[in-house]
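One structure below.
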Amino acid sequence: MKLFDAHCHLQDKRIIDKTSEIISAALAVGVSNFAVNGTSEKDWELVKEMGEMYPSVVPCFGLHPWFIADRSPHWLNTLRKFFETTPTAAVGEIGLDKSPLAAGIDYSDQLVVFRPQLELAKELNKPVAVHCIDAFDDLLEIMRAVGPFPAGVILHSFNGTAEVVPELAELGAFFSFSGWFTYIDEKIAKRTLKSIPSDRFLLETDSPDGLPKSDESSSDPKPTLNEPANILAVLDYVANLSNMKKEDLAELTYGNTVRLFSYPGSKLPTHQ
């Protein structure tokens, strides 16, 4: 059984010292690849190095909405140069966030930073990982204006409603589910899963965040940080809610993710 972590942050300072062990542990349970997403100018070089060091890592570069205040005046040119020197890379993590998590971050400034990155992904014909919380109306409007996106838009840790899925999918969206999904009301979660086209379905961990909900009856000490090996818990949860065998869901999502990341220059030729 093969799995592909469609979105994680192995460059995060909380786990960077254990990256090698974390990757080995994930490979041992069938996770063959990791899309490692940069979030700001401060970590793009680290993500690039990680992609060069580990054959299993797909590097991704983007400016996350939470970190836009710290950007340099030339951030977009710097971002372009990273893609010029790293043909294996995808775009991400970029996004829009109106939730309390983004309190104090100028939303109009988020829009200023988001659109040119989405346009860059379209221009480069590469998939792009998008963080979207409480901003699906604006996301749809911008995707309509810039899209469609044949290379794919990954709505990572998707938490939108079933109603927004059809138009997003038509524009080129993929829907990725992480451990965050295990905290959503089950009825809503089932309805959302039912709305996702089978060829647009992905799994991820969002490691080191997004730790799946644990068994409350267990007396074992609970970890505080997530890692890609925990994609198995996401697989089990989503397969159960979808009434699918986990082997079938693994095969489906692995195939979808490999196709998505098999763009020109990628580490993932489609014959994998």
Side-chain angles (χ1 to χ4, degrees), residues 4-8 32-38 47 51 57-65 76 79-96 111 113-132 135-160 162-178 192-193 195-204 251-272:
F4 193 132
D5 189 344
H7 188 103
C8 61
S32 66
N33 293 93
F34 316 84
V36 175
N37 281 252
V47 170
V57 166
V58 177
C60 309
F61 308 121
L63 181 52
H64 190 291
L76 190 56
L79 183 59
R80 280 185 171 278
K81 285 175 184 172
F82 268 91
F83 290 112
E84 288 168 11
T85 59
T86 320
T88 56
V91 184
E93 175 178 359
I94 72 173
L96 298 172
L111 291 166
V113 170
F114 177 71
R115 181 159 179 157
Q117 293 188 94
L118 198 62
E119 290 171 342
L120 180 61
K122 169 105 177 176
E123 176 192 330
L124 297 174
N125 199 31
K126 289 177 180 286
V128 52
V130 171
H131 164 114
C132 184
F136 282 95
D137 287 349
D138 288 334
L139 176 65
L140 261 170
E141 184 180 338
I142 296 167
M143 283 181 65
R144 286 186 201 114
V146 178
F149 300 88
V153 173
I154 303 161
L155 298 177
H156 109 86
S157 286
F158 180 65
N159 73 338
E163 285 74 21
V164 301
V165 167
E167 188 174 1
L168 285 166
E170 193 175 329
L171 287 164
F174 287 72
F175 305 85
S176 187
F177 296 93
S178 71
T192 300
L193 290 172
S195 72
I196 308 294
S198 62
D199 63 343
R200 300 274 156 177
F201 214 126
L202 311 175
L203 297 178
E204 62 166 274
E251 183 178 2
L252 171 68
T253 55
Y254 177 78
N256 288 345
T257 320
V258 167
R259 283 194 302 276
L260 182 62
F261 284 101
S262 294
Y263 43 84
S266 164
K267 293 182 172 185
L268 294 164
T270 49
H271 65 259
Q272 260 203 19

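- With sequence neighbours left out, the salt bridge (charged side-chain N to carboxylate O under 4.0 Å, His left out) criterion links D138 to K98.
- With contacts defined as side-chain heavy-atom distances shorter than 4.5 Å, the pair P148/K122 qualifies.
- With sequence neighbours excluded, no residue forms a side-chain hydrogen bond (donor to acceptor under 3.5 Å, both in side chains) with T86.
- Residues forming a side-chain hydrogen bond (donor to acceptor under 3.5 Å, both in side chains) with T257 (at least two apart in sequence, or on another chain): none.
- Taking F175 as the reference, F158 meet the ring-ring contact (aromatic ring centres under 6.0 Å, His included) condition, with sequence neighbours excluded.
- With E119 contributing its side chain and V146 its backbone, the two residues share no donor-acceptor pair below 3.5 Å.
- Partners of D137 by side-chain contact (heavy atoms from CB on, under 4.5 Å), not counting sequence neighbours: none found.
- The ring of F261 has its center closer than 6.0 angstrom to the ring center of F4.
- Looking at every heavy atom in both residues, D199 comes nearest to F174 through O-CE2, 3.4 Å.
- For A121, the side-chain contact (heavy atoms from CB on, under 4.5 Å) partners at least two apart in sequence or on another chain are V91, V128.
- Between A35 and A6, the shortest heavy-atom contact is CB-O, 3.3 Å.
- Applying the ring-ring contact (aromatic ring centres under 6.0 Å, His included) rule to H156 yields the partners H7; only residues at least two apart in sequence or on another chain are considered.
- When every heavy atom of T88 is checked against every heavy atom of P59, the shortest pair comes out as OG1-CG, 3.6 Å.
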Exercise for the section: Any chance you could lay out the side chain to side chain contact (heavy atoms under 4.5 Å, CB included) test for L252 and S198, step after step, and finish with the verdict? Expected result: CA-CA 8 Å; L252 171 68; S198 62; 4.2 Å; yes
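- The two residues V36 and V47 come nearest to each other via the heavy atoms O-CG1, 3.6 Å.
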Exercise for the section: With side chain to side chain contact (heavy atoms under 4.5 Å, CB included) as the test, would you mind laying out the steps for I196 and V165 before giving the verdict? Expected result: CA-CA 7 Å; I196 308 294; V165 167; 3.8 Å; yes
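- Of the residues listed (L139, I154, L168), the one engaging V130 in a side-chain contact (heavy atoms from CB on, under 4.5 Å) is L139, and it is the only one.
- To the nearest 0.5 Å, the span separating CG on L171 from CG on L140 amounts to 6.5 Å.
- Here E167 pairs with R144 under the side-chain hydrogen bond (donor to acceptor under 3.5 Å, both in side chains) rule; sequence neighbours left out.
- With sequence neighbours excluded, no residue forms a ring-ring contact (aromatic ring centres under 6.0 Å, His included) with F149.
- Applying the side-chain hydrogen bond (donor to acceptor under 3.5 Å, both in side chains) test to S176 and every residue at least two apart in sequence or in another chain returns E204.
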Practice task
Evaluate the criterion side chain to side chain contact (heavy atoms under 4.5 Å, CB included) for residue pair V153 and M143; output intermediate values, then yes/no.
Solution key: CA-CA 9 Å; V153 173; M143 283 181 65; 4.0 Å; yes
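- L120 CG to R115 CZ: the interatomic distance, rounded to the nearest 0.5 Å, is 13.5 Å.
- Judged as a ring-ring contact (aromatic ring centres under 6.0 Å, His included), and not counting sequence neighbours, the contacts of F201 are F177.
- Each of L268, V258, D5, V57 was scored for a side-chain contact (heavy atoms from CB on, under 4.5 Å) with N33, with one residue passing: L268.
- K267 places a side-chain N or O within donor-acceptor distance of the main-chain N or O of G51, the cut-off being under 3.5 Å.
- No side-chain donor-acceptor contact under 3.5 Å links N125 to the backbone of E123.
- Within the model, atoms CD of E93 and NE2 of H64 stand 3.5 Å from one another, a figure rounded to the nearest 0.5 Å.
- Counting all heavy atoms, side chain and backbone alike, A90 lies closest to Y263 at N-OH, 3.3 Å.
- Partners of E170 under the side-chain contact (heavy atoms from CB on, under 4.5 Å) rule, at least two apart in sequence or in another chain, do not exist in this structure.
- Side-chain atoms of K126 do not come within 3.5 Å of backbone N or O of F83 as any donor-acceptor pair.
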